[in-house]
Amino acid sequence: MAMDSAIFRRNELLLGSETMERIAQKRVIIFGVGGVGSWCAESLVRSGISRLTIVDSDCVSVTNINRQLMATTKTVGQVKVDALKERLLSINPKAEITALQQVFSEETAESFQLDTYDYIIDAIDSLKDKATLILQACQQHAKLFSSMGAALKLDPTRIKVTEFWKVKGDPLARALRNRFKKDKTFPKRKFLCIYSDELLKNQMPVDPEDRGNGSIVHITAIFGLMLAGLVIQDITNQKQ
């Protein structure tokens, strides 16, 4: 058995060859490849997604090492999407990985051609840009899956999946809903979110230069893996 066939043999045993063919044909774009999005990307590629675009403007910093897949002491300073692309191609050298060191915003939205994708993954931290992506994605034929806040959480058993307007106990979801209501502009369709209703406090002062809240890998990774799982489950459930 050739290596490229053997890589996905266990997936094929579970899902069947026709489903694996559908998975390989889908186009997915992930916005934000930090503690959530990086694990989503790896899970998708290991599951057979071979046409993946990853978008993030940042470089790897030492504070990313505790939770981001491609962040190691050897990749500090590298462009995040480039470091992640190298990792993903080491899993499947034949995958078509497009790495974009860019910010998704109202000004740049059109350049991403969202109408060319089957799935859009939102793992953006910025409230303004996240709201813009949600509004834009919900106007496309692509299916949107979104991550709410993964920081200040420790209990993996409280991570859940629900429709955006049913998310409870998550400050980011609340802020997004308030923004949509204030602007009187709402997503044109429903979409599923990963979230947790747990909300802890930082045990130490936040570094004003870093500004990030405390977070840990088993939570951020589960968020990312669940986003990938929603994509694979949706493809599997599609009729022939």
Side-chain angles (χ1 to χ4, degrees), residues 28-47 49 52-92 95 97-105 112 119-127 129-130 133 145-156 158-159 161 170-172 193-196 198-200 202-204 206-232:
V28 182
I29 186 167
I30 302 176
F31 290 95
V33 292
V36 173
S38 60
W39 297 94
C40 178
E42 169 137 343
S43 183
L44 288 173
V45 170
R46 288 188 185 273
S47 298
I49 291 291
L52 178 65
T53 299
I54 50 178
V55 183
D56 199 299
S57 64
D58 290 339
C59 294
V60 177
S61 72
V62 68
T63 59
N64 299 151
I65 294 175
N66 80 310
R67 69 197 184 284
Q68 299 186 13
L69 181 76
M70 64 289 176
T72 69
T73 55
K74 294 182 178 180
T75 61
V76 170
Q78 293 182 19
V79 174
K80 281 186 182 180
V81 291
D82 291 344
L84 182 57
K85 178 178 179 177
E86 182 177 353
R87 163 80 176 189
L88 299 177
L89 289 176
S90 72
I91 297 167
N92 181 10
I97 309 296
T98 301
L100 302 177
Q101 188 189 11
Q102 298 178 27
V103 173
F104 180 91
S105 66
F112 293 99
Y119 294 93
I120 299 169
I121 304 297
D122 160 38
I124 293 177
D125 293 327
S126 162
L127 176 64
D129 296 339
K130 193 177 193 75
L133 176 59
F145 296 119
S146 180
S147 170
M148 296 296 105
L152 297 176
K153 304 177 193 306
L154 191 61
D155 185 350
R158 293 173 70 169
I159 300 173
V161 180
D170 180 90
L172 182 54
C193 298
I194 311 296
Y195 80 103
S196 167
E198 182 181 25
L199 189 61
L200 303 176
N202 288 310
Q203 298 300 304
M204 297 183 67
V206 175
D207 185 338
E209 293 185 3
D210 181 31
R211 293 178 296 179
N213 285 310
S215 54
I216 196 164
V217 68
H218 69 267
I219 297 295
T220 65
I222 291 172
F223 270 58
L225 296 174
M226 288 179 72
L227 286 170
L230 291 175
V231 172
I232 300 304

Given side chains that start at C-beta, do those of M226 and S147 come closer than 4.5 Å, heavy atoms only?
no

| request: Indicate the ring-plane relationship of Y119 and F145, choosing parallel, tilted or perpendicular according to the 30° and 60° boundaries. | output: parallel

Next on the checklist: Would you say that I30 contacts L44 through its side chain, given a criterion of any heavy-atom pair below 4.5 Å between the two side chains?
Outcome noted: yes

Rounded to the nearest 0.5 Å, the CG atom of L230 sits from the CD1 atom of I121 at a distance of 7.5 Å

d(S126 OG, L133 CG) to nearest 0.5 Å is 10.5 Å

Rounding to 0.5 Å, atoms OG1 (T75) and CD1 (I65) come to a distance of 6.5 Å

With sequence neighbours left out, the residues meeting salt bridge (Lys or Arg N to Asp or Glu O under 4.0 Å) with K80 are none

Heavy atoms of L172 and G149 approach each other most closely as CD2-N, 3.7 Å

Test side chain to side chain contact (heavy atoms under 4.5 Å, CB included), reference V81, set V33, D58, L100, output is V33

Value for NZ (K153) from CG (L200), rounded to nearest 0.5 Å, stands at 8.0 Å

Closest non-hydrogen atoms of P171 and L199, given as atom of the first, atom of the second and distance, are CG-CD2, 3.8 Å

Practice prompt. Kindly check if the number of other-residue, nucleotide or ligand heavy atoms within 6.0 Å of CG (D125) is above 12?
Written response: no

Note to self: Is the shortest side-chain heavy-atom distance between I97 and L84 below 4.5 Å?
What the structure shows: no

- [ ] For residues I219 and S196, determine if any side-chain heavy atom of one lies less than 4.5 Å from a side-chain heavy atom of the other.
- [x] no

Nearest heavy-atom contact between A95 and L89 is O-CD2, 3.4 Å

Exercise for review: Verify, without hydrogens or angle tests, whether N202 (side chain) and M204 (backbone) share a donor-acceptor contact under 3.5 angstrom.
Suggested key: no

Those residues at least two apart in sequence (or on a different chain) that pass salt bridge (Lys or Arg N to Asp or Glu O under 4.0 Å) with R87 are E42

* **I91 vs R46, side-chain contact (heavy atoms from CB on, under 4.5 Å): CA-CA, chis, key distance, verdict** => CA-CA 7 Å; I91 297 167; R46 288 188 185 273; 3.8 Å; yes

Value for CG (L154) from NE2 (H218), rounded to nearest 0.5 Å, stands at 4.5 Å

Next on the checklist: With a 6.0 Å cut-off (strictly less than), is the heavy-atom count around CD of Q102, excluding the residue itself, greater than 12?
Outcome noted: yes

Closest non-hydrogen contact found for S215 with R67 is OG-CD, 3.1 Å

CG (N64) and SG (C59) are apart, to the nearest 0.5 Å, by 10.0 Å

- prompt: If we only count heavy atoms from C-beta on, is the V217 to W39 side-chain gap below 4.5 Å?
  reply: yes

Query - Donor-acceptor contact present, side-chain E198 to main-chain D155, <3.5 Å - result: yes

In terms of heavy-atom contacts, I222 and P156 come closest through CD1-CB, 3.6 Å

For A71 and V60 the tightest heavy-atom approach is CB-CG1, 3.7 Å

